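Notes to accompany the following structure.
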Amino acid sequence: MTDYPTSPLMGQMMDQPLLISSIIEFAARHYGDSEIVSRRVEGDIHRYTYRECEQRSRKLAHALAGLGVKMGERVATLAWNGYRHMELYYGVSGSGAVLHTINPRLHPEQIAYIINHAEDQFLFFDLTFLPAIEAMARSCKTVKGYVAMCGREHMPAKTDIPMLLCYEELVEAAPGDYRWPQFDERSAAALCYTSGTTGNPKGALYSHRSTVLHAYASAMPNALNVSSADVVLPVVPMFHVNAWGLPYSVLLSGAKMVYPGAALDGKSLYELFEQEGVTFSAGVPTVWLGLINYVMQNDLRFSTFRRTVIGGSACPPAMMDTLIDRLRVQVIHAWGMTEMSPLGTACTLMGKHTRLPVEEQRAVLRKQGHAIYGVDMKIVDDDGTELPWDGVTYGHLLVKGPWVVSGYYRDEGGEVLQDGWFPTGDVATIDEDGYLAITDRSKDVIKSGGEWIGSIDLENVAMAHPAVLQAACIGVPHPKWSERPLLVVVRRPGMEVAREELLAFFDGKVAKWWIPDDVVFADSLPVGGTGKIQKNKLREAYGEYHLPTA
Ligand code: AMP
């Protein structure tokens, strides 16, 4: 913690800590009737208001105290997006304990590692994950009890999970007079482990202050622009960097919240969007693929859906064009990471851009966007020298700000900051107006003859071909150039495209020496726990690939 000097004349403003509980208190008092609608794992739709959510979150906090959970102790969740998960967001953090959201799509051994590393005291889970918990419970040494997020009528009849409790019984039995405690805003509030493609996952430990500031900033018009007139459906899971902060930013904005539960297929999502009048959503490109395909194949249109944020990996331009031009949905391309709570940049246009022709505006919108207040960024070369913001020069991206980690939980990985800046591991350009464009993860960059080739640009070109459903580009060894690009493609069902046609499609769209040396067709691409294509798996699979140019 840095000790800053104190001025002889201090401001005379109320010294109120920025606590997560203040968000739900405000929401319940000022937007008490706003709705939270959830598709439950049990199958039905549940509805209630902010007011009821706050009451139940307080009861939950009371129940946690009854279970002996103390300030700073970790309480884990293995759950989909839904109202009970939201009550845990507020009940756990609001009581001073730390909410640890676990990604259920990780390998069971990784989940057990994370639970033991975090020393979780209790684990709350949706019934979907009962078999996973049964398989894992014995290896989770610190967990004193497991709580099934359902009512008594849905409790498993027979299970050997030790100390199994029922969520609804816990909440119902707790008295309603709990008051949110006040404490230092820098106290830990929530813990998220990085998806970590190599080595063990590392924990980003958010504070109340960082979470509240991030929620404020991300709701602003230049970012996600959430208001009380919105109906928001976060497709991004609450176990992926806290659903990008939406459970906080939506509540402080007063919007109606819609949670999709476990039903994330195109049909279920579309029906919920229409039934509830969703105006705004958020998710990674792979989820939009399913929803867009469903809508286009069935010749449907959205009646209320007008805006979505897409991030987590690069939004392919072809996807952006379909959403904007055919489905009339504005796309906010955003960039961030677990270590940044997660939002760093969001792509919205400046006044001067509105006078540009549509195609030039689109070129801006394809970038990952402009820093939001609170985040500073710079690009540097291998020696750490800052590089110009000219939109062409690319370098290692570094960031800083009050919602960026200063290190990892339990100091895993040691000192991570470089002169006070966090190295993101991304390679990027920044243009004269401050718009960031991500070229690649530094470990995914293809190094051909000492020059870098950005795999994202190549994938974007391939994805614009009508027969291509998904594409990923990796570097494979080459005797002359050290590495050359190999394109791995999944074709749209029922559509054909030959290798030569696909390679010719790159002509004039990228520099000649960037064009991939070969194409392989695959049935699917490996996708990780947060919906991102796993390039490391592709490199394992094609590491020995013999290029025709080799
Ligand atoms: P995670 O912490 O799992 O959310 O991963 C963060 C990483 O995802 C970033 O460092 C980027 O490499 C990548 N990423 C996030 N958003 C984008 C985006 N809009 N375009 C390209 N890459 C992105």
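Counting convention: from 1, in listed order, for ligands and their atoms alike. This structure is a prediction, so every number in the text was calculated from the model and none was measured. Numbers for residues simply follow the sequence, beginning at 1.
- No side-chain donor from either of K367 and T429 sits under 3.5 Å from a side-chain acceptor of the other.
- The G312 neighbourhood of ligand 1 comprises atoms 8 (O), 13 (C), 14 (N), 15 (C), 16 (N), 17 (C), 23 (C), with distances under 4.0 Å to a heavy atom of that residue.
- An N or O contact shorter than 3.5 Å is missing between T530 and ligand 1 by distance.
- For ligand 1, none of its N or O atoms has an N or O atom of I456 under 3.5 Å away.
- Distances below 4.0 Å separate heavy atoms of W335 from the following atoms of ligand 1: 9 (C), 11 (C), 14 (N), 15 (C), 16 (N), 17 (C), 23 (C).
- Contacts of T338 with ligand 1, taken as heavy-atom pairs under 4.0 Å, involve both backbone and side chain.
- Taking the six-membered ring for Trp and thresholds of 30 and 60 degrees, W288 and F273 have ring planes more than 60 degrees apart, a perpendicular arrangement.
- Near A334, meaning under 4.0 Å from any of its heavy atoms, are these atoms of ligand 1: 16 (N), 18 (C), 19 (N).
- Relative to the six-membered ring of F521, R491 meets both conditions, a distance below 6.0 Å and an angle of at most 45° to the axis.
- Under a 4.0 Å heavy-atom criterion, M340 is not in contact with ligand 1.
- Of all the heavy atoms of S313, the ones lying under 4.0 Å from any atom of ligand 1 belong exclusively to the backbone.
- Taking the six-membered ring where tryptophan is involved, the planes of F302 and F305 are perpendicular, since the angle between them exceeds 60° and thus also 30°.
- Both the backbone and the side chain of M337 come within contact range of ligand 1, each with a heavy atom under 4.0 Å.
- Ligand 1 does not have T194 within reach: every non-hydrogen atom of the residue lies 4.0 Å or more from it.
- What sits closest to atom 5 (O) of ligand 1 on the protein, heavy atoms only, is K532 NZ, 2.7 Å.
- Between Y294 and Y270, the angle of the ring planes lies from 30° to 60°, which puts this pair in the tilted group.
- Set against the non-hydrogen atoms of Q368, the atoms of ligand 1 under 4.0 Å away are 18 (C), 19 (N), 20 (N), 21 (C).
- Relative ring orientation between H370 and Y435 is described as perpendicular, the plane-to-plane angle rising above 60° on a 0-90° scale split at 30° and 60°.
- Inspection of the E412 and H117 side chains reveals an N or O donor paired with an N or O acceptor under 3.5 Å.
- Looking only at atom types and distance, the side chain of D120 has no donor-acceptor partner in the side chain of T142 under 3.5 Å away.
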